[in-house]
Amino acid sequence: MRTLFIGDVHGCSAELDALLMACDWRPGDRVVLVGDLVAKGPDSAGVVRRAREHGFQAVKGNHDAHVLRWHGGHAAKGKKLKPEHRQVLDTLSAADWAYMATLPSYLHFPDLNALAVHAGLVPGVPLTEQKEEFLFNLRSIAADGTPSKRLEAGEPWGSLWKGPELVIFGHDAMRGLQKHPFAVGLDSGCVYGGKLTAYVLPEGRFYSVPAARAYMAL
Ligand SMILES: Nc1ncnc2c1ncn2[C@@H]1O[C@H](COP(=O)(O)OP(=O)(O)OP(=O)(O)OP(=O)(O)OP(=O)(O)OC[C@H]2O[C@@H](n3cnc4c(N)ncnc43)[C@H](O)[C@@H]2O)[C@@H](O)[C@H]1O
């Protein structure tokens, strides 16, 4: 069985369709979205509808978690909803929300000795003790070992991850595609006019399609 891991789609449904074609996606292939299905792009509802209708697996990203909090009435008091999140709240159906609510914060694929997570894993911390804060937001590890969501805080966490599992993640459009020995970062900035990227196992090959345009300014 092939497994197609796909980076941050962010509502770019046309690019998702194009990428599935480019990968020669066929019945029996497993598709795994590494989070941030929604927000910023033009068609969040279309992405979630495709995911649930085709039985795609997915992990929850920071934007998915954010809109789920608003949808559930748990947003922080006094905070304003951004337009890119308002658009998600206005367009997802009840079935879309039900699918979103099922998304886990990570997925384990023993057959591939691989994990999927949106942002990252703190090296040296057991999987069951990883905190959602970093599963959804991690980017860097400082020289003293402190995990951080800030790019400039230190080394990319993936460069310090020593396995044994291969971790496939997204979230870091500023760094773009990352290829470390035990970690693969797939956010190639589609919603900013970059590319949407898939990593396919077991063949170990990358596929990318260009964004039709930049939907969000940098
Ligand atoms: N209480 C609250 N009330 C209201 N809203 C709340 C809230 N709590 C959270 N939110 C909002 O909810 C969302 C999630 O919050 P949160 O999870 O807290 O994320 P954040 O740290 O605020 O947002 P980031 O901008 O770091 O994350 P991202 O996932 O957008 O990263 P990306 O790599 O695409 O982009 C990161 C940056 O990099 C830039 N960038 C991307 N690619 C490139 C590139 N190639 N070159 C240069 N810059 C780039 C982008 O423009 C972007 O600025 C945010 O919009 C946040 O503001």
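Values below: every heavy atom of this structure, side chains too, minus hydrogens, waters and symmetry copies. Both ligands and their constituent atoms are indexed starting at 1 by order of listing. Computed from a predicted model, the values in this text were never measured in an experiment.
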Does any N or O of ligand 1 fall below 3.5 Å from an N or O anywhere on [X], backbone included?
{"X": "K40", "answer": "yes"}
{"X": "H10", "answer": "no"}
{"X": "N137", "answer": "yes"}
{"X": "E84", "answer": "no"}
{"X": "H171", "answer": "yes"}

Counting non-hydrogen protein atoms only, what is the nearest one to [atom]? Give residue, atom name and distance.
{"atom": "atom 4 (C) of ligand 1", "result": "K80 O, 3.3 Å"}
{"atom": "atom 10 (N) of ligand 1", "result": "H66 CE1, 3.2 Å"}
{"atom": "atom 15 (O) of ligand 1", "result": "N62 ND2, 4.1 Å"}
{"atom": "atom 20 (P) of ligand 1", "result": "K149 NZ, 4.0 Å"}
{"atom": "atom 45 (N) of ligand 1", "result": "A173 O, 3.7 Å"}
{"atom": "atom 34 (O) of ligand 1", "result": "Y192 OH, 2.6 Å"}
{"atom": "atom 44 (C) of ligand 1", "result": "L218 CD2, 3.9 Å"}
{"atom": "atom 55 (O) of ligand 1", "result": "K82 NZ, 3.0 Å"}

I want to check something: taking the side chain as every heavy atom from C-beta on, are Q178 and V184 in contact at a cut-off of under 4.5 Å?
no
Could you check if a side-chain atom of L37 sits within less than 4.5 angstrom of a side-chain atom of Y99, using non-hydrogen atoms only?
yes
How does [X] reach ligand 1, if at all, at less than 4.0 Å between non-hydrogen atoms: by side chain, backbone, both, or neither?
{"X": "D36", "answer": "side chain"}
{"X": "F136", "answer": "neither"}
{"X": "R139", "answer": "side chain"}
{"X": "M174", "answer": "both"}
{"X": "H63", "answer": "side chain"}

I'd like to know whether L166 forms a side-chain contact (heavy atoms from CB on, under 4.5 Å) with L112, so could you lay out the CA-CA distance, the side-chain angles of the two residues, the decisive distance to 0.1 Å, and finally the verdict.
CA-CA 8 Å; L166 175 71; L112 299 171; over 6 Å; no
Whether W25 and H54 hold their rings parallel, tilted or perpendicular, with breakpoints at 30° and 60°:
perpendicular
Assess the side chains of H10 and H63: does a donor N or O sit below 3.5 Å from an acceptor N or O?
no
Regarding S208 and T197, do their side chains bring together a donor and an acceptor under 3.5 Å, going by distance alone?
yes
Cation-pi between K179 and F206: NZ/CZ under 6.0 Å from ring centre and within 45° of the ring axis?
yes
Quick check for you: to the nearest 0.5 Å, what is the distance between M1 atom CE and D111 atom CG?
5.5 Å
Taking it one step at a time, do Q87 and S44 satisfy side-chain contact (heavy atoms from CB on, under 4.5 Å)?
CA-CA 8 Å; Q87 196 241 20; S44 293; 4.1 Å; yes
Would you name the heavy atoms of A211 and C190 that are closest together and state the gap between them?
CB-O, 3.2 Å
Closest heavy-atom pair, P123 versus W157, reported as atoms and distance to 0.1 Å, is CG-O, 4.0 Å
Within a distance of under 4.0 Å, is there any protein heavy atom near atom 53 (O) of ligand 1?
no
Take atom 25 (O) of ligand 1 and look for protein heavy atoms under 4.0 Å from it; say yes if you find one, no if not.
no
Pair F5 + F109: ring centers closer than 6.0 Å:
yes
